[in-house]
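Just so it is clear, the values below take in all heavy atoms, side chains as well, and ignore hydrogens, waters and symmetry mates. Because the structure is a prediction, the values reported are computed rather than measured.
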Amino acid sequence: MPHWSVYTGSNEPHDGIDDLPAPPPWRAFDGGPALPPPHDADDATAVSPDRVHRAKSYVATPESVRLVNAALCLRRPLLVTGPPGTGKSSLAYAVARELRLGPVLRWNITSRSALADGLYQYDPLSRLYAAREGQDRRDRPDGSGRSAAEVEDHLRLGPLGTALLPYDRPRALLVDEIDKSDLDLPNDLLNVLEEGQYEIPELVRAARHSGGGAAEVLADGTDTPVTVRRGRVRCRAFPFVVLTSNGEREFPPAFLRRCVRLKLRRPDREQLTDIVRAHLDTPDGHADRLISRFLERASGGELATDQLLNALYLTGVAGLDADSRDDLAEQLMPYLSSTADGDGF
């Protein structure tokens, strides 16, 4: 019998996702034809040193492991909230690496983001120009030359639209800082994430007028086209969706009940030591002292873990004496809020 806990937090890649239990009947999807899972090499950004390090060095808590597995089994998005610097975004990369889900699809949210931005981008002006330039090509006596004015030539799937393609394995999708979005975006996401499908009206119209059924469209993060039939996309394996929030706003109840919710808290001393060890090797005496000071200061204002890592790294390579290292570390760890910082090392 498949075991529901496929993600372990060990950072060791494996194929445990193949043992994921069948979805609940109300979360079963049947999109097709099935697409093979992509390789990391298909997206150059997926193998960049910063993303690889982020995935390999993530330190998962027992609670995060448990709720990641709950989201995977229930085929529900994972809403991750917490202060800045607690590893909300890195969690998506760590899960994708361990479970071999392929490159992480990333959608960075701003106040201007709309649902259509995540699904696909279509450029009607470039199509118009291509239609004008391609007229001579179509008029050649031998009929050679393909028109560049086809709809699919000017359309690319976005990160959300790509994640909902009918892949054999779930894709990992990071929707970063959704609390920065317009008030309507969470509600707009409800239907797409609930149904696991969407339509591309431009391709639906093209299929109706031309009588054709298939279009070759570029997916996010790759120049390899995928087939979209009659303008409709439906997932096969529901993607592993991580929605991150700094907790700066409330979300509608209808949105929250469709998510598995994980709240990341400030790491304690043991967790901080593990994080430092994962990023910078075994902490020395100076690192232990700086961790203690970081925890003391964090009790009086908002600090992020990456500030500690920056301070440890720079003071370790700067070749300074002890007092100078402490002064530099303090300058690298100011409070993120307007809280007065009158203490010294």
With a distance cut-off below 6.0 Å to the six-membered ring centre and an angular limit of 45° from the axis, does Arg27 pair with Phe238 as a cation-pi contact?
yes
Closest approach of Pro170 and Ile17, non-hydrogen atoms and distance?
CD-CG1, 3.9 Å
Between Ser245 and Glu177: side-chain donor-acceptor atoms closer than 3.5 Å:
no
Can Arg236 and Asp30 be counted as an ion pair, charged N to O under 4.0 angstrom?
no
Within the 3.5 Å criterion, strictly below it, is a donor on Lys88 or Asn246 matched to an acceptor on the partner's side chain?
yes
Salt bridge flag under 4.0 Å for residues Glu63 and Arg265:
yes
May I ask whether Leu155 and Val192 are part of the same hydrophobic cluster, defined by side-chain heavy atoms of I, L, V, M, F, W, Y residues being less than 4.5 angstrom apart, directly or through others?
yes
Looking at Arg234 and Glu199, does any basic side-chain N land under 4.0 Å from a carboxylate oxygen?
no
Quick one: are Pro77 and Val260 in side-chain contact, heavy atoms under 4.5 Å?
no
Heavy atoms, side chains only, cut-off 4.5 Å: are Ser181 and Ser111 in contact?
no
Using a 4.5 Å cut-off on heavy atoms from C-beta on, say whether the side chain of Pro252 contacts that of Pro186.
yes
Both conditions, 6.0 Å and 45 degrees, for the charged tip of Arg297 above the ring of Tyr335: are they met here?
yes
Will you find, in the side chains of Arg66 and Tyr7, an N or O donor that is under 3.5 Å from an N or O acceptor?
no
Quick test of your reading of the model: are Asp220 and Arg156 salt-bridged, counting only N-O distances below 4.0 Å?
no
Quick one: do Arg76 and Glu194 make a salt bridge, cutoff under 4.0 Å?
yes
May I ask you to decide if Ala254's main-chain N or O and Arg258's side chain share a donor-acceptor pair within less than 3.5 Å?
yes
Donor-acceptor check, side chain of Arg232 to backbone of Arg230, threshold 3.5 angstrom: yes or no?
yes
So, is the end of the Arg169 side chain (NZ or CZ) under 6.0 Å from the ring centre of Tyr167 and within 45° of the ring's axis?
no
For atom NE2 of His53, decide whether the heavy atoms of other residues, nucleotides or ligands shown that lie under 6.0 angstrom number more than 12.
yes
Going by atom types alone, do Ser89 and Arg54 pair a side-chain donor with an acceptor below 3.5 Å?
no
Pair Asp274 + Arg269, salt bridge at N-O below 4.0 Å:
no
Might you confirm whether atom CD of Glu270 has over 12 heavy atoms from other residues, nucleotides or ligands at distances under 6.0 Å?
no
Hey, are Glu98 and Thr8 close enough side-chain-wise for a donor-acceptor pair under 3.5 Å?
yes
Do Val217 and Val204 sit in the same hydrophobic cluster, where Ile, Leu, Val, Met, Phe, Trp and Tyr count as joined when their side-chain heavy atoms come under 4.5 Å apart?
no
At what distance, to the nearest 0.5 angstrom, does CG of Asn11 lie from NZ of Lys56?
9.5 Å
Applying a strict under-4.5 Å side-chain criterion to I, L, V, M, F, W and Y, I'd like to know whether Leu309 and Leu314 cluster together.
yes
Working note: Thr244 + Ile109, criterion side-chain contact (heavy atoms from CB on, under 4.5 Å); need CA distance, chi angles, decisive distance, verdict.
CA-CA 10 Å; Thr244 71; Ile109 301 299; over 6 Å; no
Between Leu332 and Leu280, is there shared hydrophobic-cluster membership here, with clusters defined by ILVMFWY side-chain heavy atoms closer than 4.5 Å?
yes
Lys/Arg-Asp/Glu bridge criterion (N-O < 4.0 Å) met for Arg112, Asp117
no
